[in-house]
Engineer: 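Let me begin by handing over the structure; questions about it come next.
In the text below, chain A, chain B and the rest are named by the order of the sequence lines, each starting its count at 1.
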2 protein chains.
Amino acid sequence: MEEKKIKKEDFNLLNCPIRTILDRFGDKWSVLVLLILGEKKKLRFNAINKEIGTDISQKMLTVTLRTLEADGLVLRTVYPEVPPRVEYEITPLGASLVPHIDNLAQWAAVNMQNIKTSRERFKNS
Amino acid sequence: MEEKKIKKEDFNLLNCPIRTILDRFGDKWSVLVLLILGEKKKLRFNAINKEIGTDISQKMLTVTLRTLEADGLVLRTVYPEVPPRVEYEITPLGASLVPHIDNLAQWAAVNMQNIKTSRERFKNS
DNA sequence: CAGGATCCTCACAGATACTG
DNA sequence: CAGTATCTGTGAGGATCCTG
């Protein structure tokens with residue numbers, strides 16, 4: 001059995017750290033959840049769901065939260081009650097990432113119109 | 001003919017600007033190409049290809065460059081020669097984005113081990 | 001309430017062959 | 001040299017049903 005395939009995990013495109021994090025946060029929901037928890041401190045599952053809107057499926061919210069938890073960016077606390085209560089909050093590590101995302105968001109907000117115009121011009125050329 | 005489907009382009013998840021840019025740069029190659037062009041100023045197609053390594057296909061490099069060009073982040077100059085010569089360089093807009101990506105990369109480099117450890121612990125729990 | 005378990009699908013990415 | 005044109009697969013994301 002050969003091993004031609006280099007695993008994404010092991011290679012990470014020249015071990016560029018930026019790629020390692022983009023592999024995680026380039027997905028559809030991680031950043032959004034992180035920003036929400038960065039603001040609101042403590043939230044339950046359905047509360048996060050409401051914050052996002054109806055656009056995320058239960059499954060994807062679960063997957064996203066589990067990934068963030070596994071990475072140590074979000075803390076998940078289960079209270080042994082009936083009905084069950086689960087609260088999510090951002091960790092210091094997660095909080096340290098938020099400002100960087102905010103910076104990117106800032107840049108995006110400032111230059112969005114610029115990009116859209118450029119995109120439009122490109123289409124008609 | 002109904003129009004139930006909301007196009008990704010039009011919706012952008014609550015028009016959150018951060019999502020708009022992550023939709024673009026969450027892909028596999030855009031950020032890498034941007035960083036390379038941010039350093040090397042002017043490069044030809046095959047030169048970029050070499051910088052990345054053998055891991056990107058011609059097609060994906062073309063697609064990536066075209067998208068960056070459309071967004072106004074990269075300038076594409078075709079010289080009417082035989083054989084053809086095409087040079088790519090970063091635009092001021094693109095250059096203004098690079099530091100933000102670098103910041104993220106910095107964070108990633110600093111906290112990568114932390115995250116990996118956390119991930120390992122999560123797996124064995 | 002907070003998910004787990006399934007099934008589906010479609011867009012993105014890759015491989016390959018060809019060309020001005 | 002710097003691309004196009006096709007074909008194909010894979011897996012993130014979504015819909016739905018079920019449960020401690």
Side-chain angles (χ1 to χ4, degrees), chain A residues 4-9 11-13 19 22-33 36-37 42-70 74-89, chain B residues 4-13 19 22-33 36-37 42-70 74-89 122:
Chain A
K4 302 184 215 174
K5 279 266 191 181
I6 300 177
K7 294 268 288 284
K8 204 176 166 189
E9 296 289 319
F11 193 62
N12 275 323
L13 308 177
R19 275 247 43 88
L22 280 175
D23 281 347
R24 299 286 152 183
F25 308 115
D27 73 343
K28 206 167 176 181
W29 304 107
S30 292
V31 166
L32 196 55
V33 169
I36 288 173
L37 285 176
K42 244 177 185 173
L43 285 179
R44 305 179 61 167
F45 187 90
N46 277 347
I48 301 176
N49 208 328
K50 270 200 172 175
E51 283 287 326
I52 295 180
T54 54
D55 312 304
I56 191 173
S57 60
Q58 274 188 340
K59 175 191 155 188
M60 286 318 296
L61 183 52
T62 303
V63 169
T64 302
L65 286 168
R66 284 296 187 286
T67 306
L68 292 173
E69 187 197 1
V74 159
L75 180 65
R76 177 172 178 264
T77 313
V78 183
Y79 297 88
E81 307 172 355
V82 178
R85 178 163 59 102
V86 179
E87 286 186 344
Y88 295 91
E89 58 190 311
Chain B
K4 301 183 217 174
K5 278 267 190 179
I6 299 177
K7 295 268 287 287
K8 203 176 165 190
E9 296 287 320
D10 303 324
F11 192 63
N12 273 327
L13 309 178
R19 276 246 45 87
L22 280 175
D23 282 347
R24 300 284 152 184
F25 307 116
D27 75 344
K28 205 167 175 181
W29 305 106
S30 293
V31 166
L32 197 56
V33 170
I36 287 172
L37 286 175
K42 243 176 187 173
L43 284 179
R44 306 179 61 168
F45 186 90
N46 277 346
I48 301 176
N49 207 328
K50 269 199 175 176
E51 283 287 327
I52 296 181
T54 54
D55 312 304
I56 191 172
S57 61
Q58 271 190 342
K59 176 191 153 189
M60 287 317 296
L61 183 52
T62 302
V63 170
T64 302
L65 286 168
R66 284 295 187 288
T67 307
L68 291 174
E69 187 197 2
V74 159
L75 180 64
R76 177 172 179 264
T77 312
V78 183
Y79 297 88
E81 309 170 355
V82 177
R85 177 162 61 100
V86 180
E87 286 185 345
Y88 295 91
E89 58 191 310
F122 187 79

Engineer: Measure from CZ on A:Phe45 to P on C:dG3 and round the result to the nearest Å.
Structural biologist: 5 Å

Engineer: Testing the basics here: between B:Arg44 and B:Pro84, what is the closest heavy-atom pair and its distance to 0.1 Å?
Structural biologist: NH2-O, 3.5 Å

Engineer: Let me know which of A:Leu32, A:Val33, A:Val31 forms a side-chain contact (heavy atoms from CB on, under 4.5 Å) with A:Thr64.
Structural biologist: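 Exactly one candidate clears the test, A:Val33.
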
Engineer: For residues 74-83 of chain A, run the donor-acceptor check on the side chains, cut-off 3.5 Å, and write out each pair with its distance to 0.1 Å, sequence neighbours left out.
Structural biologist:
{"residue": "A:Arg76", "atom": "NE", "partner": "A:Tyr88", "partner atom": "OH", "Å": "3.3"}
{"residue": "A:Tyr79", "atom": "OH", "partner": "A:Glu87", "partner atom": "OE1", "Å": "3.3"}
{"residue": "A:Glu81", "atom": "OE1", "partner": "A:Arg85", "partner atom": "NE", "Å": "3.4"}
{"residue": "A:Glu81", "atom": "OE2", "partner": "A:Arg85", "partner atom": "NH2", "Å": "2.8"}

Engineer: Taking all atoms of both residues into account, what is the closest heavy-atom pair of B:Ile48 and B:Leu43, and its distance?
Structural biologist: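 Heavy atoms of B:Ile48 and B:Leu43 come nearest at CG1-CB, 3.7 Å.
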
Engineer: Can you find a side chain N or O atom of B:Arg85 that sits less than 4.0 Å from OP1 or OP2 on D:dA2?
Structural biologist: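 Result: no.
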
Engineer: Without decimals, in angstroms, what is the distance between B:Ile52 CD1 and C:dG14 P?
Structural biologist: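 Atom CD1 in B:Ile52 sits about 11 Å away from atom P in C:dG14.
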
Engineer: Using a 4.5 Å cut-off on heavy atoms from C-beta on, say whether the side chain of A:Trp29 contacts that of A:Leu68.
Structural biologist: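 No, every pair of side-chain atoms sits at 4.5 Å or beyond.
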
Engineer: Find the distance B:Asp23:CG to C:dC12:C1' and express it as a whole number of Å.
Structural biologist: 13 Å

Engineer: Rounded to whole angstrom units, what separation is found between the CD atom of B:Glu87 and the P atom of D:dC1?
Structural biologist: 14 Å

Engineer: Could you grab the distance from atom CG of A:Leu65 to atom CG of A:Asn49, nearest 0.5 Å is fine?
Structural biologist: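 The distance works out to 9.5 Å.
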
Engineer: If every non-hydrogen atom of A:Arg24 is compared with every non-hydrogen atom of A:Asp27, which pair is closest and at what distance?
Structural biologist: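 Nearest heavy atoms, A:Arg24 then A:Asp27: O-OD1, 3.3 Å.
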
Engineer: Which part of the nucleic acid does B:Tyr79 contact within heavy-atom distance under 4.0 Å: base, sugar-phosphate only, or nothing?
Structural biologist: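 Contact class for B:Tyr79: none.
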
Engineer: To the nearest angstrom, how far is A:Leu43 atom CG from C:dG3 atom P?
Structural biologist: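 Those two atoms, CG and P, are 13 Å apart.
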
Engineer: Within the structure, does a side-chain N or O atom of B:Arg76 lie under 4.0 Å from either OP1 or OP2 of D:dG3?
Structural biologist: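 Indeed, a polar side-chain atom of B:Arg76 lies that close.
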
Engineer: In whole angstroms, how far is the P atom of C:dG3 from the CG atom of A:Asn49?
Structural biologist: 11 Å

Engineer: Does some side-chain heavy atom of A:Thr62 sit less than 4.5 Å from a side-chain heavy atom of A:Arg66?
Structural biologist: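 In short, these two side chains touch, coming nearer than 4.5 Å.
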
Engineer: Can you give me the N/O atom pairs linking the protein to nucleotides 14-18 of chain D at distances under 3.5 Å, or say none if there are none?
Structural biologist:
{"residue": "D:dG14", "atom": "OP1", "partner": "A:Lys28", "partner atom": "NZ", "Å": "2.7"}
{"residue": "D:dG14", "atom": "OP2", "partner": "A:Trp29", "partner atom": "NE1", "Å": "3.1"}
{"residue": "D:dG14", "atom": "N7", "partner": "A:Lys59", "partner atom": "NZ", "Å": "3.3"}
{"residue": "D:dG14", "atom": "O6", "partner": "A:Lys59", "partner atom": "NZ", "Å": "2.4"}

Engineer: Using whole Å, report how far OH of B:Tyr88 lies from C1' of D:dC1.
Structural biologist: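 Interatomic distance, OH of B:Tyr88 to C1' of D:dC1: 11 Å.
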
Engineer: Counting just side-chain N and O atoms, does A:Arg66 come under 4.0 Å of either OP1 or OP2 of C:dG3?
Structural biologist: yes

Engineer: If I take atom CG from residue B:Leu22 and atom CG from residue A:Leu22, how far apart are they, to the nearest 0.5 angstrom?
Structural biologist: 7.5 Å

Engineer: According to the Watson-Crick and G-U wobble definition with distances under 3.5 Å, which dot-bracket string, read 5' to 3', encodes DNA chain D, using [ ] for crossing pairs and | for pairs with another strand?
Structural biologist: ||||||||||||||||||||

Engineer: Figure out the CZ/C1' separation between B:Phe25 and C:dC12, and round it to whole Å.
Structural biologist: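 Computing the B:Phe25:CZ to C:dC12:C1' distance gives 17 Å.
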
